[in-house]
Engineer: 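One structure coming up, written as structure tokens, with questions to follow.
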There are 2 protein chains.
Amino acid sequence: MSEASLHRRIRAEISERILSGAWPPGHRVPAEHELMAEYGCSRMTVNKALAPLAEQGLIVRRRKAGSFVARPRIHSVVLDIPDIAAEVSTRGEPYGYELLSRTVRIATAQEAAELGLDGPAQVLALRCLHRASGRPFALEERLINLDAAPEAADADFAATPPGGWLLGHVPWTEAEHRISAANVQKPVAATLGIAPTAACLVLERRTWRGDDRITHVRLTFPGEAYDLVARFAPRGEAA
Amino acid sequence: MSEASLHRRIRAEISERILSGAWPPGHRVPAEHELMAEYGCSRMTVNKALAPLAEQGLIVRRRKAGSFVARPRIHSVVLDIPDIAAEVSTRGEPYGYELLSRTVRIATAQEAAELGLDGPAQVLALRCLHRASGRPFALEERLINLDAAPEAADADFAATPPGGWLLGHVPWTEAEHRISAANVQKPVAATLGIAPTAACLVLERRTWRGDDRITHVRLTFPGEAYDLVARFAPRGEAA
DNA sequence: GCGCCAATTATGTCTATACAATAATGAGGC
DNA sequence: GCCTCATTATTGTATAGACATAATTGGCGC
């Protein structure tokens with residue numbers, strides 16, 4: 001850490017002062033010239049330190065006026081949504097996977113809506129159960145748009161969970177995640193081995209490649225099984 | 001977009017090729033010399049384009065070997081956790097706020113545990129109800145460590161929701177968020193006006209300034225009231 | 001062949017300089 | 001006093017060169 005390059009050090013020191021509150025929002029950050037003098041380096045180096053801070057939104061830079069600490073408005077948080085197998089393993093529990101059903105068909109109206117398709121399209125519908133120490137950990141209901149990802153038709157999802165396979169085989173450019181709580185319907189409760197009144201955490205993810213819809217997946221976690229945890233400092237900065 | 005600076009353009013073009021899958025994980029990114037030639041610019045400019053890609057984790061750079069497209073391991077997602085008042089307003093519903101209770105006391109053992117305190121400490125305990133169009137929207141149960149944020153004792157939380165006030169008055173350096181689903185206990189269900197079996201989304205947040213615990217807040221949203229939505233591209237890049 | 005060392009290559013960092021763009025500031029004219 | 005314009009401070013971008021650092025590669029000795 002202390003051996004980092006100078007521009008990283010400058011960035012870290014300024015970042016620290018902002019995050020600690022020593023420099024409150026609106027406070028003026030020393031001009032590039034002043035930092036040049038303070039650190040005894042060239043302006044390019046100072047610039048290389050400040051430019052990423054501006055890109056992160058930690059500071060706002062205005063020509064002629066100077067640089068100022070930005071006021072953080074929203075809580076922006078980085079959530080790591082892990083691979084389920086990895087998540088279970090890091091808990092030290094044995095991971096189990098089971099393919100409940102696999103169907104190739106023309107998407108029903110509801111499925112088309114979930115995937116966000118305009119017209120009829122061939123989809124691969126999968127239902128999988130993830131287990132931790134034998135207990136049901138999550139139910140995965142997935143639709144894959146075979147027009148966008150035809151290679152998925154030949155993959156063997158009896159052995160491999162589709163999440164990891166897709167990550168490795170089908171590139172994507174955008175994703176939307178939706179996190180909610182729900183009381184599941186009786187058949188789902190039965191599959192998960194929980195009471196029908198039990199609250200479940202539902203994580204839905206849609207992914208795109210350009211304008212093509214690739215997949216829609218709904219992961220249902222029994223209430224006690226899972227927390228999503230995000231540890232974080234104000235903006236983007238990877239700790 | 002087309003008027004962007006050259007290093008941004010180079011970065012965008014490489015980024016696009018990676019995200020579109022044209023350059024799959026492991027693919028070699030042209031060396032700085034080659035990009036220099038391709039774009040007719042200096043190496044510094046190429047470097048300024050590539051360095052942030054490496055920092056984002058989109059590419060991996062190895063001296064002598066070259067730069068390679070990284071394989072995206074985890075789904076990392078940026079969640080905006082909005083101010084509740086703002087969230088309700090953007091839905092076009094009138095926002096209502098009510099302070100249910102306010103107590104200053106020495107933290108109970110359980111409260112100390114939730115805040116993560118070692119010894120006894122004076123805390124401000126608040127229970128607030130947020131409404132959208134009159135209907136209960138979220139229950140806020142908050143503990144504020146008065147040792148770390150003594151000015152909170154004098155704030156008037158009967159009129160101002162504590163979330164916004166704290167954001168504006170007490171700087172923090174770190175936060176932990178925890179998202180889960182739960183069946184709430186009867187009194188909470190009554191306050192929220194829902195059936196005791198209804199699933200609720202529970203968002204807990206702890207914030208620190210350095211080593212000092214500042215606040216712990218639990219927001220309970222009735223299942224149907226709220227979804228957390230995150231829209232995203234692979235890593236950190238703000239769209 | 002095998003292992004070690006040196007040459008090579010690619011990235012990492014920094015400097016000094018240059019010119020462009022932008023917007024606050026102050027001076028002058030009315 | 002107020003508007004306008006030139007000045008100037010500050011950031012934005014880019015160049016060319018230099019040296020540092022790391023790791024692969026090829027060659028040399030054995």
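Here is the naming used below: chain letters follow the sequence lines, and residue numbers restart at 1 for every chain.
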Engineer: For the pair made of CZ in A:Phe68 and C1' in D:dT11, what is the distance, rounded to whole Å?
Structural biologist: 12 Å

Engineer: Calculate the interatomic distance between B:Asn47 atom CG and D:dG17 atom P; express it in whole Å.
Structural biologist: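 Rounding to the nearest Å, CG of B:Asn47 and P of D:dG17 are 17 Å apart.
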
Engineer: Just the rounded figure in Å: distance from P of D:dT11 to CE of A:Met36.
Structural biologist: 12 Å

Engineer: Side chains of residues 29-40 of chain B: which donor-acceptor partners sit under 3.5 Å, not counting sequence neighbours?
Structural biologist:
unit_1	atom_1	unit_2	atom_2	d
B:Glu32	OE1	B:Arg43	NH1	2.6
B:Glu32	OE2	B:Asn47	ND2	3.0
B:Glu32	OE2	B:Arg61	NH1	3.2
B:Glu32	OE2	B:Arg61	NH2	2.8
B:Glu34	OE2	B:Ala31	N	3.0
B:Tyr39	OH	B:Glu13	OE1	2.7

Engineer: What is the first contacted nucleotide of DNA chain C and what is the last, in 5' to 3' order, if contact means an atom lying under 4.0 angstrom from a heavy atom of chain A?
Structural biologist: C:dT13 to C:dA24

Engineer: Could you tell me which residues satisfy ring-ring contact (aromatic ring centres under 6.0 Å, His included) with A:His130, sequence neighbours excluded, listed by chain and number?
Structural biologist: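 Testing A:His130 for ring-ring contact (aromatic ring centres under 6.0 Å, His included), a comparison that skips the adjacent residues, returns A:Tyr95, A:Tyr97.
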
Engineer: How many whole angstroms separate atom CG of A:Leu50 from atom P of D:dT10?
Structural biologist: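 These atoms are roughly 14 Å apart.
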
Engineer: Listing request: all ring pair (Phe, Tyr, Trp, His ring centres under 6.0 Å) pairs with a residue in residues 4-24 of chain A, at least two apart in sequence or in separate chains.
Structural biologist: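 Sorted result for residues 4-24 of chain A: A:Trp23-A:His27.
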
Engineer: Throw together a table of side-chain donor-acceptor distances under 3.5 angstrom for residues 155-171 of chain A, partners on residues two or more places apart or in other chains.
Structural biologist:
unit_1	atom_1	unit_2	atom_2	d
A:Asp156	OD1	A:Ala158	N	3.1
A:His169	ND1	A:Trp165	O	2.9

Engineer: With sequence neighbours left out, write down each residue that passes salt bridge (charged side-chain N to carboxylate O under 4.0 Å, His left out) with A:Glu140, or none if nothing qualifies.
Structural biologist: A:Arg142

Engineer: Enumerate the protein-to-nucleotides 21-26 of chain D contacts in which both atoms are nitrogen or oxygen and the separation is below 3.5 Å.
Structural biologist:
unit_1	atom_1	unit_2	atom_2	d
D:dT21	O2	B:Arg63	NE	3.0

Engineer: Report the residues that fulfil salt bridge (charged side-chain N to carboxylate O under 4.0 Å, His left out) with A:Glu16, sequence neighbours left out, ordered by chain and then residue number.
Structural biologist: none

Engineer: Just checking A:Leu6: base, sugar-phosphate only, or nothing, at a heavy-atom cut-off of under 4.0 Å?
Structural biologist: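 Touches sugar-phosphate only.
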
Engineer: Rounded at 0.5 Å granularity, tell me how far NE2 in B:His216 sits from CD1 in B:Ile144.
Structural biologist: 12.5 Å

Engineer: Report yes if a side-chain nitrogen or oxygen of B:Thr45 is closer than 4.0 Å to either non-bridging phosphate oxygen (OP1 or OP2) of D:dT15; otherwise report no.
Structural biologist: yes

Engineer: If I take atom NZ in residue A:Lys48 and atom P in nucleotide D:dT11, what distance separates them, rounded to the nearest angstrom?
Structural biologist: 19 Å

Engineer: Measure the distance from CD on B:Glu32 to C1' on D:dA16 and round it to the nearest whole Å.
Structural biologist: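 Taking CD of B:Glu32 and C1' of D:dA16, I get 14 Å after rounding.
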
Engineer: Round to the nearest Å and state the distance from B:Arg43 atom CZ to D:dT13 atom C1'.
Structural biologist: 18 Å

Engineer: For a quick check, tell me whether the side chain of B:Arg8 and the base of D:dG12 share a donor-acceptor pair closer than 3.5 Å.
Structural biologist: no

Engineer: Any salt bridge (Lys or Arg N to Asp or Glu O under 4.0 Å) pairs touching residues 162-172 of chain A, not counting sequence neighbours?
Structural biologist: none

Engineer: So does A:His33 get a side-chain nitrogen or oxygen closer than 4.0 Å to the phosphate oxygens (OP1/OP2) of D:dT10?
Structural biologist: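 The answer is no; no side-chain N or O of A:His33 sits under 4.0 Å from OP1 or OP2.
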
Engineer: Return the 5'-most residue of the pair B:Ser67, A:Ser42 with respect to DNA chain C, ranking by each residue's nearest nucleotide.
Structural biologist: B:Ser67

Engineer: Look at the side-chain N and O atoms of A:Arg61 and state whether any lies under 4.0 Å from the OP1 or OP2 oxygen of D:dT13.
Structural biologist: no

Engineer: Between B:Met44 and B:Glu34, just flag the one whose closest nucleotide in DNA chain C comes earlier from the 5' side.
Structural biologist: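 Taking each residue's closest nucleotide, the earlier one in sequence belongs to B:Glu34.
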
Engineer: With a 3.5 Å distance limit and no angle check, can you tell me whether A:Thr215 reaches the backbone of A:Leu143 through a side-chain donor-acceptor pair?
Structural biologist: yes

